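Below: one structure, written as structure tokens.
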There are 2 protein chains.
Amino acid sequence: MLYAVFMSSVLPPFPQPQEPFDAPQLLEVGPAPQEPCLRADAARNRARLLEAAARLIAEHGVAGVTMEAVAAAAEVGKGTVFRRFGDRTGLLMALLDHSSRQLQADFLGGPPPLGPGAPPVDRLRAFGVAVLYRSAEQLDLQLAAQPEPTRRYANPPIRALRTHITMLLRQIEPAADCELLAQTLLAYLDPAQIHHLTRQCGMPMERLEAGWVDLVDRVTRTEPAR
Amino acid sequence: MLYAVFMSSVLPPFPQPQEPFDAPQLLEVGPAPQEPCLRADAARNRARLLEAAARLIAEHGVAGVTMEAVAAAAEVGKGTVFRRFGDRTGLLMALLDHSSRQLQADFLGGPPPLGPGAPPVDRLRAFGVAVLYRSAEQLDLQLAAQPEPTRRYANPPIRALRTHITMLLRQIEPAADCELLAQTLLAYLDPAQIHHLTRQCGMPMERLEAGWVDLVDRVTRTEPAR
DNA sequence: TTACGAATCCGGACCGAGGTCCGCTTAATT
DNA sequence: AATTAAGCGGACCTCGGTCCGGATTCGTAA
């Protein structure tokens, strides 16, 4: 499983799902994993680094993923790690890359209700549940990969999620401020929040799931006729 | 203004607002600023540290607030800073303490619509707007004071806000899962989100404000009769 | 008021980890 | 083979956080 994680990041761009009828053109589904073409040694080192990082996580948890440790485990210089991934957050996000793309493929081109074909509200409900459980599975990594507050909402994977929610909302509530509503809905799915509610407050996932469905209902309920 | 910030933190506990009729007993409004009584030298150093930190912010921005710099500016050992505030986040939160307490006093015992006396929905609307503008004013500090994801929702000031929202919600929608709704509403007011929307997306505060009111409406709108 | 003991606090040396830098090496190109 | 752009590595810096021997403060009792 972790193998898939780092292997995927070495593969060419990303198998574009057959263009779904309502896929927004502005949503760049596959920002080339890296600068179009990596020099041979660079690509090799990148793969080794991701593999090493995954191994370290498996053995010592996310906390064990030190930039120096990763470099050492990959038998590579420290500078190389930073050159490739920018910073620790970048490395951890690269580890999540595979799962991000999978999710993205699912809601852009997968089967309903997540994918196109189902009514927008159903897709929205399914989307939240999917994100919820995905985050719950990789909570530690997701938390560790969270960038500093200033960049939290600016990274590509998050933007993709938000764009998708926005698009669905526009189909449901065209009159509303869909950007803001999307932001709100997305905030409900924040890994940090999930962590707090489940691990610190002891809520079961079922309750979070119900909460999402309820929230979607409330948010997409148009002004009752009067 | 910044003077008030650190001065307040030296003052005794906190002037309890006259007990409002609906103040939740569980909400500890004034967690004694520190262990009840500080040794004379400790208190003095604490004040000097907060003063030094405020000065550094004024001169070099939040980024200039290095633990060593603060210690040096306060003419105090580095260990003292950590002993008193735990970590950098603790120091920055202490700087926000005054404003936190002010806000808390306002919505617990101040005049309506923020304080008790107005209908819960109005209080909720006013609450959001107040938090919104307060965060906008101190954005840099708020962002810097944000603890790592694992503790983001666990610190006292945030808990106080959430408790208040929860209480208001319970008066409005007793049947709903008010904890989760409160969490969602609170997320809308997250400084990181405000930062992203205003500074990175260029939204004017008026739009955020309208978004809050709209969100409250949607969330508190009971199931339309059918 | 002074003496004294103990709890508290102070300070700065020390450590680890993230991030930068720059001279050297290596892969692609012609 | 020569040229050049990209990559590499590890020394180096900064900063947050820890630790512990020594100094201060404060309650208590003479």
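Lettering of chains follows the sequences in order, A, B, ..., and the numbering in each one begins at 1. Not measured: the values here are computed from a predicted model.
In this view, B/Asp106 satisfies the salt bridge (charged side-chain N to carboxylate O under 4.0 Å, His left out) rule with no residue, not counting sequence neighbours. With sequence neighbours left out, the salt bridge (charged side-chain N to carboxylate O under 4.0 Å, His left out) criterion links A/Arg152 to B/Asp190. Evaluation of the salt bridge (charged side-chain N to carboxylate O under 4.0 Å, His left out) rule for B/Arg48 yields B/Glu75 as partners, not counting sequence neighbours. Annotation: salt bridge (charged side-chain N to carboxylate O under 4.0 Å, His left out) contacts of A/Arg151 (sequence neighbours excluded): A/Asp87, A/Glu148.
Proximity of A/Thr80 to the phosphate of D/dG9: a side-chain N or O atom is located under 4.0 Å from OP1 or OP2. Between A/Asn45 and the phosphate of D/dG7, there is no side-chain N or O to OP1/OP2 separation shorter than 4.0 Å.
Proximity of a side-chain donor or acceptor of A/Arg88 to a complementary backbone N or O of A/Val65 within less than 3.5 Å is detected.
For residues 56-67 of chain B, the set of pairs meeting the salt bridge (Lys or Arg N to Asp or Glu O under 4.0 Å) definition, not counting sequence neighbours, is empty.
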inquiry  = Output one letter per nucleotide in nucleotides 18-30 of chain C: B when a protein non-hydrogen atom lies under 4.0 Å from the base, S when only the sugar-phosphate is that close, - when neither is.
reply    = BBB-----BSS--

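Whole-Å rounding puts the A/Arg84 CZ to D/dG9 P distance at 11 Å. Distance CZ (A/Arg48) to C1' (D/dG7): 14 Å, rounded to an integer number of Å. Remark: P of C/dA17 and CG of A/Leu91 are 15 Å apart, rounded to the nearest angstrom. Protein atom CG of B/Leu49 is 13 Å distant from nucleotide atom C1' of C/dC9, rounded to whole Å.
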